[in-house]
Amino acid sequence: MKMPKKIKCINMQTPIMKLENLSKELGSEIYIKRDDFTGIEFSGNKVRKLEYVLKDALDQGADTLITCGGIQSNHARATAALAAKLGMKCYLVLRGDENERIEGNRFLSLLLGAQIKFISKEDYGENRDEIMNKLAKNLETEGLKPYIIPEGASNGLGNFGYLNAGFEIMEQEKEMGVEFDLIVTAVGSGSTYGGLFLADKIKKGVSRAVGFNVCNDAPTFVKRIDGYLKDTFKILEEQIDYSTDEIKIIDGYVGNGYGLSRNEEIEFIKKFAKMEGIILDPVYTGKSMYGFYNEFKKGTFKGKKKILFIHTGGLYGIFSKSDLFKF
Ligand SMILES: *Cc1c(COP(=O)(O)O)cnc(C)c1O
């Protein structure tokens, strides 16, 4: 196997903690991996992928990063932070309304020195790659060397972030003397799931990963994840056999749509915060933990005694939603 090189930004194994009160309520051992601890400025799951993607950018001689996301994109903010750290310029193409209050991730991205270009929802859906390519061309005429990172840093190379995190989890299982039966994550662009899936397929032959999609639908993500995995095999120079039936994405928790909250999700985030002293975000971890909780109660995970949930971060996004919380 040919593992690509990465730059090192996260200086630790992120901790795994037991959720004592949730475990009591559900009657199984539920643990959480705190990937919201990966950093402060680049907190969350995206930095694990960016460690690989930015190594490639630097190897190609890039001095400018271009990426895209929603107005409260965690990925955009993490990219802005790493660009600043590496002395690179950063351009963010964000979907949304420029006139909204400047807060949360958008505020932090500006503070970290990123240039933000806003585009409409329609343009984001249909033309974002074209818009980023055009921006790159313009920057090239100014003498810059831009590098385009896809949405969520999800591609064949981005998969390595959570392939590596999957191996890290296996080391921690050895140290802790536990073995998880199930590993749960939110799915927004697909490579967090893809990496965790692949780590298990390589080391164990079977995957324990189950994902809850927070946008689109399960078949769309199965296809996308399958595509990224094929690209990962080219980099690995090795093929790992699997069937797409093994890619387990549970649909039904998108709710009102990407980035939009329902009251039951807000109430669940409040319940969880009070129960465990841990904040979930409304866009990803709130929806996926809510989905996991409901599916667990329905009996979907019968026989799974030890379960690991990945806290993929997103704390800063909650501030733009504080009006939805009633106390
Ligand atoms: C991007 C993101 C996810 C989803 O990860 P993908 O690899 O894009 O599927 C989950 N949680 C948070 C907080 C995120 O920012």
Side-chain angles (χ1 to χ4, degrees), residues 14 32-39 41-53 67-81 92 94-95 104-106 108-109 149-166 183-199 209-218 220-229 232 247-250 253-254 258-259 261 265 269 278-292 309-321:
T14 57
I32 192 163
K33 183 165 173 67
R34 301 298 302 269
D35 271 11
D36 49 337
F37 281 27
T38 49
E41 293 79 8
F42 49 66
S43 161
N45 63 343
K46 299 305 180 309
V47 60
R48 286 194 185 268
K49 313 174 193 195
L50 290 168
E51 285 189 321
Y52 288 94
V53 172
T67 197
C68 62
I71 187 167
Q72 282 297 333
S73 169
N74 300 302
H75 162 67
R77 180 256 309 146
T79 304
L92 305 174
L94 302 185
R95 172 193 53 211
N105 284 306
R106 179 188 176 192
L108 294 177
S109 296
I149 303 169
E151 181 184 63
S154 277
N155 58 17
L157 189 56
N159 266 345
F160 283 93
Y162 275 83
L163 174 57
N164 200 44
I183 300 177
V184 180
T185 184
V187 175
S189 65
S191 63
T192 299
Y193 183 92
L196 291 169
F197 175 86
L198 191 54
V210 54
F212 285 86
N213 58 299
V214 302
C215 53
N216 295 315
D217 56 20
T220 304
F221 276 114
V222 171
K223 213 169 138 216
R224 237 191 248 179
I225 291 164
D226 185 41
Y228 299 147
L229 287 168
T232 301
I247 301 175
K248 303 272 186 233
I249 309 294
I250 299 181
Y253 296 93
V254 175
Y258 176 79
S261 298
E265 295 155 13
I269 290 170
I278 294 174
I279 314 286
L280 302 170
D281 81 292
V283 182
Y284 298 97
T285 52
K287 282 186 181 176
S288 52
M289 182 59 99
Y290 178 69
F292 164 73
F309 179 88
I310 314 287
H311 195 319
T312 41
L315 176 65
Y316 305 120
I318 206 166
F319 298 105
S320 67
K321 300 269 188 208

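Residue numbers count from 1 along this sequence. Counting convention: from 1, in listed order, for ligands and their atoms alike.
Residue contacts with ligand 1: Lys46 is placed with a nitrogen or oxygen under 3.5 Å of a nitrogen or oxygen of the ligand (distance criterion only).
Distances from atom 4 (C) of ligand 1 to the heavy atoms of Gly194, Gly317, Gly188 show the closest one on Gly188. The closest heavy-atom contact to atom 3 (C) of ligand 1, among the options Tyr316, Phe212, Tyr193, Tyr284, comes from Tyr284.
With a heavy-atom cut-off of 4.0 Å, Asn45 touches ligand 1 through its side chain alone. Using a 4.0 Å cut-off between heavy atoms, His75 makes no contact with ligand 1 at all. Looking at Thr192 against ligand 1, both its backbone and its side chain come within 4.0 Å, counting heavy atoms.
Heavy atoms of Gly152 come nearer than 4.0 angstrom to ligand 1 in no pair at all. At least one heavy atom of Gly190 sits closer than 4.0 Å to an atom of ligand 1. Ligand 1 lies out of reach of Glu151, whose nearest heavy atom is not under 4.0 Å from it.
Those atoms of ligand 1 with a heavy atom of Gly314 less than 4.0 angstrom away are 13 (C). Close approach of ligand 1 to Asn74 is summarised as follows: ligand atoms under 4.0 Å from at least one heavy atom of the residue are 13 (C), 14 (C), 15 (O). Of all the atoms in ligand 1, the ones that sit under 4.0 Å from a non-hydrogen atom of Thr312 are 10 (C), 11 (N), 12 (C), 13 (C). Close approach of ligand 1 to Ser189 (heavy-atom distance below 4.0 Å) involves ligand atoms 6 (P), 7 (O), 8 (O), 9 (O). With ligand atoms numbered from 1 in the order given, ligand 1 contributes 6 (P), 7 (O), 8 (O) to contacts under 4.0 Å with heavy atoms of Lys49. Contact atoms of ligand 1 toward Val187: 9 (O) (distance under 4.0 Å to a heavy atom of the residue).
From Ile278, atom CD1 reaches atom CG of Leu315 across 12.0 Å, with rounding to the nearest 0.5 Å. Distance check, rounded to the nearest 0.5 Å: OG of Ser189 to CG of Asn213 gives 12.5 Å.
Taking both residues in full, the closest heavy atoms of Gly188 and Cys215 are given as O-SG, 3.5 Å, listed atom of the first, atom of the second, then distance.
Two residues are said to be in side-chain contact when any heavy atoms from C-beta on lie closer than 4.5 Å; Tyr162 and Asp35 meet this criterion. Side chains of Phe221 and Ile247 form no contact here, defined as non-hydrogen atoms less than 4.5 Å apart. Side-chain contact between Ile149 and Thr79 is present, with at least one heavy-atom pair separated by less than 4.5 Å. Here the side chains of Ile183 and Thr185 are not in contact, with every heavy-atom distance at 4.5 Å or above. At a threshold of 4.5 Å between non-hydrogen side-chain atoms, the residues Met289 and Phe309 count as touching.
Tyr253 and Tyr290 have perpendicular rings, their planes meeting at more than 60° on a 0 to 90° scale where under 30° would count as parallel.
Judged by the 6.0 Å and 45° rule, Lys49 forms no cation-pi pair with Tyr228.
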